[in-house]
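Can you read through this structure? Questions will come right after.
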Number of protein chains: 2
Amino acid sequence: MSREAWDSGTYGSESRGQLHHRVPDLGALELLLAVARHGSLGAAAREVGITQPAASSRIRSMERQLGVALVDRSPRGSRLTDAGALVTDWARRIVEAAEAFDAGAQALRGRRDSRLRVAASMTIAEYLLPGWLIALRAERPDTAVSLQAGNSAVVAERLLGNEADIGFVEGLAVPDGLDGVVVAHDRLAVVAAPSHPWARRRAPLDPAELAATPLVLRERGSGTRQVLDAALSAHGGLAQPLLELASTTAVKAAAVSGAGPAVLSELAIAEELASRRLVAIPVRGVQLRRDLRAVWPAGHRPTGPARGLLSLTRAEPTG
Amino acid sequence: MSREAWDSGTYGSESRGQLHHRVPDLGALELLLAVARHGSLGAAAREVGITQPAASSRIRSMERQLGVALVDRSPRGSRLTDAGALVTDWARRIVEAAEAFDAGAQALRGRRDSRLRVAASMTIAEYLLPGWLIALRAERPDTAVSLQAGNSAVVAERLLGNEADIGFVEGLAVPDGLDGVVVAHDRLAVVAAPSHPWARRRAPLDPAELAATPLVLRERGSGTRQVLDAALSAHGGLAQPLLELASTTAVKAAAVSGAGPAVLSELAIAEELASRRLVAIPVRGVQLRRDLRAVWPAGHRPTGPARGLLSLTRAEPTG
DNA sequence: ATGACGTCATAAGCTGGCTTTATGAGCCGG
DNA sequence: CCGGCTCATAAAGCCAGCTTATGACGTCAT
């Protein structure tokens, strides 16, 4: 087959939506990663449980779809091309996100009969728990996990009613009747699009200035909004919001598109900061840090799988 | 349909590999996001270009696959359940990774006839460019982009031979014959698994101690290895590596699994830090920061799409 | 009340992609 | 020069998901 047969195409036209028409499916991406690992189509095929011709055809159609040669085939095996190595790394990102999805979904599905029942706040369940569960699975592959997401009160209720083995909450204090240990910190970051004037500042932002500026925020009552309110109450209180949106992602999208500065959990914006779609604005003299704690019924230190999960989240799980 | 009909299953058994058997495909995830946005199966179906029954069936089989109810159907529309909201957020992560994949792949496919030709170093092409291209596409949807990845010399050669319109390099200086501007910083971070003793340190690491410790590293000759070598030469030079691995990802995996401390670009580990699969170890008194620069032929300030891309990466593109 | 419009669900039939099996061709080392 | 590996090609089957057509249910306005 000649490379010239591929349609080069431009990408301006019809580039919106329909992602799955232009991105290979997960099975194909896993296969590609397996090829990268093994240096052989056949071996990769064996790993993912299909036959060699199927793998050959699948890689080939992926190359046709992307318009790029991904592997150099030789009678002695297959190596990634330069472009293939790049594509493989992007593919790995997708697969990792899929692993996190899977870990979360598996936990969510668990029923009462599961062995480890976790109750966690939204932020933790959403951003941190999937990663922890991937690690836990590596360590104790036979642990069945179930997950219940809710606010601190819900978490406490579950734990005290023996409906959960361990909980994770975000907040200023440990709820009554529970013991806990800080496992991470959720710092709220002031962010703006790189084009925003604040992105050019050298000096840290003044709390009063932050308080006086209309921001893109979650609706009143959300966890991050509460923390922000509390932190800025001493500096005149929060100004009227520029936009009030219902989800973290909506806030993120508004900030990225330049609507205005926003305040978001660092956990939610690691990716955007790394790729400079958002810029963090330093703020001085205001405590935007929130403790994330593992919690359990007072006196009942976690044992078994719960302890395993706890030790993954913290080096010294001394409660 | 009764919820009880779903097989609850445990996830310890057969949890390895075969991700695509347990994670819905991209089309289904996009559909779910559309449902979340519109609050209606029919509207979501219209958005993704399928019929309403197809959407209904697809969501239903996704719920069966995950074992969790995702949407509350009512004659007045469909809202996400609590679990559905969580799943949707995890799904969004996958879709975002897929968008980055797509942006990169589209650029890679471009041929000589493309309108904006970018030459970039591996790290930048891999971690930053996809995000920038997503933003660029939002701003100038009809720009066709092509991407060539290579080291600084390759980038310079492309630019000077008028085979690229703009380049991105990482390194200490701007190559001869080029002008450039710093667009970001790539800080090398010392990282270890949370279980590693270093993760418990309060005091920053001493450069000499870092230099004396066997680390998990990329092979000699890689960009990050060079920077590390240079930075530590004043402190006795790098110790014999604990492991020398061929790819960033392999290094990451080794570090996460506790093989030992590693040194990696911050860009590569944002996710692992956020989920605490890795912990960054502060180091004092050593410069592990590397400038990432946009570059162009001396005197020929970028214009048109190249300038558009440049302004996305930096607030003040004054070269 | 009742008809119009919205929602989602069900059923039947088709289509196309991916799979498997079977085979062939190229390269290498004993 | 044969046996081992590699990947490619061809033919046939299966299954998932699509579409079209229809129905049931709830809300709202007349």
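Per chain, numbering begins at 1; letters A, B, ... match sequence-line order. Worth saying up front: this structure is predicted, and the values here are computed from it rather than measured.
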### Task
Using whole Å, report how far CD1 of A/Ile59 lies from P of D/dA8.
10 Å
### Query
Are any of B/Ser78's side-chain N or O atoms less than 4.0 Å away from OP1 or OP2 of C/dC8?
yes
### Task
Ignoring the backbone of B/Ile50, work out which of D/dT9, D/dC18, C/dA9 is nearest its side chain.
D/dC18
### Message
Distance check needed: D/dA16 C1' versus A/His20 NE2, whole Å only.
### Response
14 Å
### Query
Can we say B/Arg218 and B/Glu244 salt-bridge, meaning some charged N sits less than 4.0 Å from an Asp/Glu carboxylate O?
no
### Message
Of the listed nucleotides (C/dA9, C/dC27, D/dC7), which one gets closest to any side-chain atom of A/Pro75?
### Response
C/dC27
### Task
Could you check whether A/Ser74 gets within reach of a base, just the sugar-phosphate, or nothing at all, counting any heavy atom under 4.0 Å?
sugar-phosphate
#### Entry: Value in whole Å for how far the C1' atom of D/dT9 lies from CZ of A/Arg64
13 Å
### Query
Between D/dC18, D/dT9, C/dA9, which one does the side chain of B/Pro53 approach most closely?
C/dA9
### Message
Applying a 4.0 Å non-hydrogen cut-off, can you work out what B/Ser40 is touching in the nucleic acid: base, sugar-phosphate, or nothing?
### Response
sugar-phosphate
### For atom CZ of B/Arg60 and atom P of D/dG17, their distance in whole Å
14 Å
### Message
Looking at B/Thr51, I'd like to know whether one of its side-chain N or O atoms comes within less than 4.0 Å of OP1 or OP2 on D/dC18.
### Response
no
### Query
Expressed in angstrom and rounded to an integer, what is the separation of B/His21 atom NE2 from D/dA16 atom C1'?
12 Å
### Message
Using OP1 and OP2 only, check whether a side-chain N or O of B/Arg58 sits under 4.0 Å from D/dA16.
### Response
no
### Task
Could you please name the option among C/dC18, D/dC7, D/dC18 that lies closest to any side-chain atom of A/Gln52?
D/dC7
### D/dA8 phosphate, OP1 or OP2, under 4.0 Å from A/Ser56 side-chain N/O
yes
### Query
Side chains of A/Arg92 and B/Thr249: is there a donor and an acceptor less than 3.5 Å apart?
yes
### Task
Look at B/Arg73 and C/dA9 and indicate whether a side-chain polar atom (N or O) is within less than 4.0 Å of OP1 or OP2.
yes
### Message
Looking at A/Arg109 and A/Asp102, is any side-chain nitrogen of the basic one under 4.0 Å from a carboxylate oxygen of the acidic one?
### Response
no
### Task
Would you kindly give the CZ-to-P distance between A/Arg46 and D/dC7, to the nearest whole Å?
9 Å
### Task
Return the value, rounded to whole Å, for the distance between atom CG of B/Asp25 and atom P of C/dG17.
15 Å
### Task
Would you kindly give the CG-to-C1' distance between B/Asp72 and C/dT7, to the nearest whole Å?
14 Å
### Query
Are any of the side-chain nitrogens in B/Glu272 or B/Lys252 under 4.0 Å away from the carboxylate oxygens of its partner?
yes
### Task
Return yes when atom CG of A/Asp82 has more than 12 non-hydrogen atoms of other residues, nucleotides or ligands closer than 6.0 Å, and no otherwise.
no
### Distance test, side-chain N/O of A/Arg76 to OP1/OP2 of D/dC5, below 4.0 Å
no
